[in-house]
Every structure is written in C-alpha cells, then in structure tokens.
Amino acid sequence: MRRIARPQRSIGNPISSSNQLRPRAFPSRCLNAPAIPASLAPFSTTSSPHFLHDRHDKKKHQAFVRRWQKRLLGDSEPIGAHVDPYDKTSPVRISPDEYGEEEEVLVDEDGNEISKDQSLEILYKKANSGFGLRVVGGKDMHSKLEEERMAAEFEILTMKTYTPLSLKMADEIEDLTGTPYTLSDENLMMAQTFQEVTGKPYTDFSFGRISQIKDVTQIRKNFQQALVEVYTLKEAGRDLDLTKLPNRGVYNPPHWISDVQTYTSPTGDLVLSYPEGRTAEKLLEKMQDVPAWDPAQVWGQSELVDEAEYNEPEQLEEPVQPEPTGPNKHAIALVDESKRFDFMSNLPTPRKKPQETAPKVDGSQQKVEAVAAETSSEAVSKPAVNLVELEAKLQASKAAIAKMRHIVIESGANSVGSRVAAIRQEVLEDATKSIQARIAAVRATVRDGITSLASESITTIVPEAKWRHASLADPTIKFALTKRLIQLTGIRISDPHLNSVQTVGDLYGQLCSASKPKPKKLYDTIRVEAEKKSVVTKTSPELTATRTKKKHSMGELLSIPNVSIRAKRLKSYHKHRQIGLDKVIKFALAERNLESQRRLKYPSKNAHSPHGSYKALAFGEIIQPNVLRGIERERESKEKALVERRDAYAAQNS
Amino acid sequence: MPLSSLRTVAKPQNGVGAFILQCKSLTFHYCDWAGSSRGMNAFIRSSLPSFAKRNPSIEISVSPRPNQHPVIIANYINGRQKAICVRNLTNEGVREKAELLRDNSGEKNKRVTKPVTSLNESVRGIWSPLHGARVRI
C-alpha cells in the first residue's frame, strides 16, 4: 500500500555532476529539463539541479561563487538560517549607519552639506504611474552607449574600421560552434592581449563604419578619393578590390589625392591626371602602406617588460593551458580549449595551406619570364607618339597579359600566380610610366595649341564631356567603386539602384540620396512635402501661380479643408474629445467632486515640464526661481478655478 | 360625369430635384510597416488629394492603424457604416473601392433577382387568370 502517491516525490531528479561539467558540443539552453520537475512535492528540500553550475545567468553565478567564497574564507557574517531575525543585535537588523558605514551625502566645494532643495519638492511630485516619466538605464541602453563610445575611441586610436562584432557576440558564436570561429588567426596570445586592451574580439569580421557620413563635402571628398584609387588600380592592372590589400584598404590617403583631376576620355572612360611631381606609383605605394606595430609606442616600455615576463613561463610549458576567457572565465571546472570538439570540419588537424611543388614552379616560371621579357621589349621598343597607337599598345600588352594569365591557370599553382602578378606589375608600371609621360607631353602640346587658337578667336571652348559623363558600363569597376565607397562612407547603395547607374554622375547622385535620411512614416513624408511646398510658395509665388495643369500633390493634403491627417492612431478619447463627450464628462465629474479620478487615467503629457516649454526635465537640472514662481502661480490658479466651479455647481444644484 | 384625377403627391427622389451624397465620411486606415498596405500608402500619397478635391462634401480622415491590414470605413446618412479591407490592392484598386463606397447608399447589400427595380407600378398590370387569353377546353 502506498501512502505517498507516486507523483509526490520528495527527492528531485538525480544530480549527475558529470552531466553538467563535461563540455557539450551543442550547448542548448532552451531544451534543458525544467529546474524543478512537476512531480516534485512542495515540501521537498532538493534545490535546483543546476545548483552546481548555472549557465543561464552569469551574474547570478558570480554572486553564488562570491557567496561561497565569503563563507569559506570567513568574510561574511552568518546569513539566513543561522541568524535570528528577532534578535535585536543580529546583523540583519543593524542599519548601515550604526555599523559605521558611510552614508552618502552631497557635499559642496567648501565641504558644506547640500540639503535637499525644498523647491524641488514643489516640482517633483511623486508620480503614481510611469506615464510620461523618462526611462533611463537598463542593460541594453548601457551596453549600447558603451559600444558607441568604444567604437569612436577604437576608430581614432587604431585608424581601423570598427568591428561591431562585440565580445558578447563572438562568445555566443564560439559557444554555439564550439570552436574559436571568429578568431582571425591561431595566435591565441595575441587574441587575448587584444581582447584585454581593447575589450573587443580579435577578429577579421568587419562590417564597416559604425556611422554613415552625412556631410556633403565629406561625401564628395570620399567619392573623389575612391574614384582616384580605383582608377589608379585599374590603370595599373591590379586587383580592384582594396580590401584584399594587407592594410585592408585602411590607410592615410596623401593630401594631394584631392588635386588629382578626372577627365572623360572620348571613349567614355575616366582618365586621371596627377598633379606635378605626383605619380600613380607613389599613390600605389601609399595605398599599400601597412603601419608597423610597435608595442613600445603604443603601451610604453614598462608594460612591455611585464608582457615579456609573463610570456616566458607560458611558452616553456608543454601542454598549453590558456587562461579561460569568455563565458567560462569563472567556471569551477575549466574547459580545455585545445580539446574542444570541432564538429565543423572532418579534419583531425587544423587546415594547412597546400604544399607548393618545386619542379613544376621552376618550369612554368621560366616560360612566364620569357614571355614577360618579350612583351616588355615589345612595349618599349616602338616609339609611338599618337594616343591611338598608345592605346593599341596597351591593348597588345593586355593581350599578352591575358596570355600569361592563361599560362598561369594551366600551371595551376598559387605561388606562381603571385610571382607572375609581381612581374606583371613591374611590366605594366614601366609601360604606364612611359605612356603617361607621353600622354602628358601630348596634352601639353594640345593645350598650347588650344590656348593659341583661343587667343585668336573669341569663342570659348566648353568641354562637353565632364567627369560625371564617364560611363560605368563595366560592372567590375562599378562594383569596386561601390565597395570602396561603402568602406569609406558607410553608405550602402542597393542593387536595383546600382543597376540603374550608367555613369559616374549617376553613382554620385545615388550616393548623395542614400546619405540623406528618408522618412520612414507616411505622415512624415506628407509633412516634409507640405513644408517644401510652403517654402517654394514663399520664395517664388510666381511659379505656383502660373500652374495651368492642376496636379494635386501630396503636399496639398494637409491644406485641403475636408481632409484630416493624423500622425498617431485614433483612440476612443480622440473621438470623445471631437464630439464633446469629454467636456460633458468633465463637468459631470466636477459636479460630483470626482475630477481627480478622471485626471489620473489620462494625465497631461506636460505636467512635469517647466513653464513655457514642452521639454521633459533632465535629472539634476536647476530650475530658475522665476520659472518656479510661474508654475506655482499656474497651479494655484487652476486649483482655485476648479474649486470655484465646484462651488458654483453645488450652489446651482442645491 | 367628369373623371377626377387621382391626387398624387410628388414622390421625393434623390437626384430629381437636388442630389445629396449618401456618404458622409470616409476614413482611411493604413500601416507603415505591413506589406499589404503598400497600395493604400501609394493611394494616400498620389490619388487621395485629387479624390478629396473632387468630393468636397465627404469628410476624409487618414490615420495610421499599426500592424493591421489597411481598411476604408464609410459612414452614411442613414447611420450605417461600411468597411472594406483593401489589403494587397494597388493604388488603382484602392481608388476603385473608395469610389464604390462613395457611390453606395448605406443600405444593406441585397441580392437583386428581378430585372427591373422601380417605384412606378407596372404599365400593363399584373397578370390575373381571369383576364387574358381564353382558356379552351
């Protein structure tokens, strides 16, 4: 016979420590068994089976650990069951002032206590509801503010684009995948120090600028810079993607980059002309500039010494036990990073780069060098003056390059490719140097000719083709430009807009319109249109009068007499106010001395704002005494009016 | 004896003397976020000004109704209300529905089975078995 029904168990689920402590490949948070099983009796003393290791709340876990530390070390007073709360001397009853702890008191510069401002009490009435009060604080707000501040600092200090991938996100990703997925390389020591110094994860994931550029002059400057960079790379025949460079496209552009002129050639391409003494090679050199990381400069000599001392013992140890970071920092049982199960790959060891085969390389390299020698000799030997011939030569060299490329693909080794690219660069740089010199000479002669002609006749020569008419039909250049612009300005141009872009001017227009914030709400668009319209009518009334075709636009909506547009959702009390029900209710309540109840339900939005403004008071803001007086007067008059009305109704009805 | 005419009173008919539009007001509810409200948003931006100007006797009210389908609600003189949900319609579709509501009287929708609806009696009289073709046995 069973007296205690089976469901009413006094002992909870068996706690298996191994179950909690072994690292899980798929640490699932949602699918764990409930802390207290449903069948457990209410009198059971079995605490939560997660008492050993609660992963859910880091703070709680930390508090728990701290509590146990205090007890073990004897720091804390007896807490909880060991203390008699009814004993007058028990620590639970003693207030902090009696302990001798400091009570916080606001103190002036001279050391005088600042008493609570009596005037504030008049203004700061205790609120009965949260309506209209400012909400400050909370985890999200603080983390966001922190992030913004640190992002700004990071961008200034390191001259690198900020990685919004936060430490929390990186930890999450690593938890889910079970691998150091976000780390940019295997250098754990570097990753740790980087994390400690900057508080950000050591990762290659970068999502660009944290904030978009709004200033038009800045946008223009960046656009010009991007144009110059991309077209320089194009003319040099290199990869147009700046992020492939070792500095990821982040460098200090030279000041003369804004002086580089852009023209449209007769073929429709954009052509750059550098200022005196500046060349494309110099620019290319600067673009590839990678600042050397000098820790002494960054952190100072003393810190470096500590680092060295710290490093040595670690390096001597054979099995590397890295200090636990991330969510397991305060774990009782450490999780070994090196023994983590990597379910992402089938390989037992981390992936290594493919070994280069030596003999193959030599053979193909020789072939390539021979071809390169041929083309370079070809390019230099012909003495060409005409632009057309120069272009033909460029084409020929390009064809040779294409041939070379084909050879490279055939041989099929990465290292060869890089060497070929280096050779290619050299060849083209030589070629472009000579070509550019010749173009400059030709231009000079043409310019002289034109100026001489101009001096003879009065006609002014207007260049038909401006830089903005340069065609962007080639998708590779368009894409490269867009990518560079995203990196520089943070402004993203969407694909349908990109498809409609045919010229450089179009791209610039798209960039500008993307930088201006568009109103998200329909009401805002209507309001903006109406404002624009009113500005137009004020500045040029003649324009609006001569409109023969009556095209009613969005801006007129607000002024049409039979149309009412609301910004916010219609509620029942709006309707009541419209038909006058509100007034009737107010009077009826006043009659019965019940207005206070009504006021509570719909308090006025601006009840706490200072006189003459609709702004909510900031905490700690000092209110002028004249303002205070004004508010007091208003309040008194309103109360008096109410009292009078009440008496009048009472008199009426009696 | 002289025939005396039947005394009739002029039957009032809306439109004969004066025309009073039965629709008092139209309320347009839209949503900024929902995709089904794109047509309605486009209508408010482009077609509504001209619609409002063409119908100055109708009170038009435009207000957001977040996270709901767009709807047009019409109020009529007979006190009734009609609402049409214009979800996933285009600009022109919404305009058609608005015009439909404007042209409507507030009466409940009735299915019309007869070919003719008229206030006048039939010209030839209602059939009776006693008058008409002779029955031959």
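Quick note: numbers below take in every heavy atom, side chains included, and nothing from hydrogens, waters or symmetry partners.
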Which atoms of B:Ser50 are under 4.5 Å from chain A, going by heavy atoms: the side chain, the backbone, both sets, or neither? both
Are there more than 12 heavy atoms of other residues, nucleotides or ligands under 6.0 Å from atom CZ of B:Arg87? no
With a 4.5 Å heavy-atom cut-off, do A:Arg569 and B:His29 have their side chains touching? no
Tell me whether B:Arg38 at atom CZ has more than 12 heavy atoms from other residues, nucleotides or ligands lying less than 6.0 Å away. no
Can you list the steps and then say if B:Val62 with A:Ile526 is a side-chain contact (heavy atoms from CB on, under 4.5 Å)? CA-CA 12 Å; B:Val62 178; A:Ile526 295 169; 5.9 Å; no
Looking at every non-hydrogen atom in both residues, tell me the closest pair between B:Asp32 and A:Lys520 and how far apart they are. OD1-O, 4.2 Å
Closest non-hydrogen atoms of B:Pro49 and A:Ser553, given as atom of the first, atom of the second and distance, are CG-O, 3.5 Å
Rounded to the nearest 0.5 Å, how far apart are OG of B:Ser63 and NZ of A:Lys568? 13.0 Å
Considering only heavy atoms from C-beta outward, does the side chain of A:Leu557 approach that of B:Ile44 to under 4.5 Å? yes
Counting only heavy atoms not in B:Tyr76, do more than 12 sit closer than 6.0 Å to its OH atom? yes
Please say whether more than 12 non-hydrogen atoms of neighbouring residues, nucleotides or ligands are located less than 6.0 Å from CG in B:Leu6. no
Quick check for you: among B:Ser47, B:Ser46, B:Pro64, which has the greatest number of heavy-atom pairs under 4.5 Å with chain A? B:Pro64
Engaged part of B:Leu26 at the chain A interface, taking heavy atoms whose separation is under 4.5 Å: neither
Check: A:Asn562 side chain, B:Asn55 main-chain N or O, donor-acceptor pair, under 3.5 Å: yes
For A:Tyr523 against B:Tyr30, the heavy-atom pair lying closest together: N-OH, 3.9 Å
Euclidean distance, A:Leu570 CG relative to B:Ser61 OG, rounded to 0.5 Å: 5.5 Å
Ion pair check, A:Glu529 and B:Arg45, cut-off under 4.0 Å: no
Between atom OG1 of B:Thr27 and atom CZ of A:Arg566, what is the distance when rounded to the nearest 0.5 Å? 11.0 Å
Near B:Lys97 NZ, under 6.0 Å, is it more than 12 heavy atoms from other residues, nucleotides or ligands? no
Which atoms of A:Leu522 are under 4.5 Å from chain B, going by heavy atoms: the side chain, the backbone, both sets, or neither? both
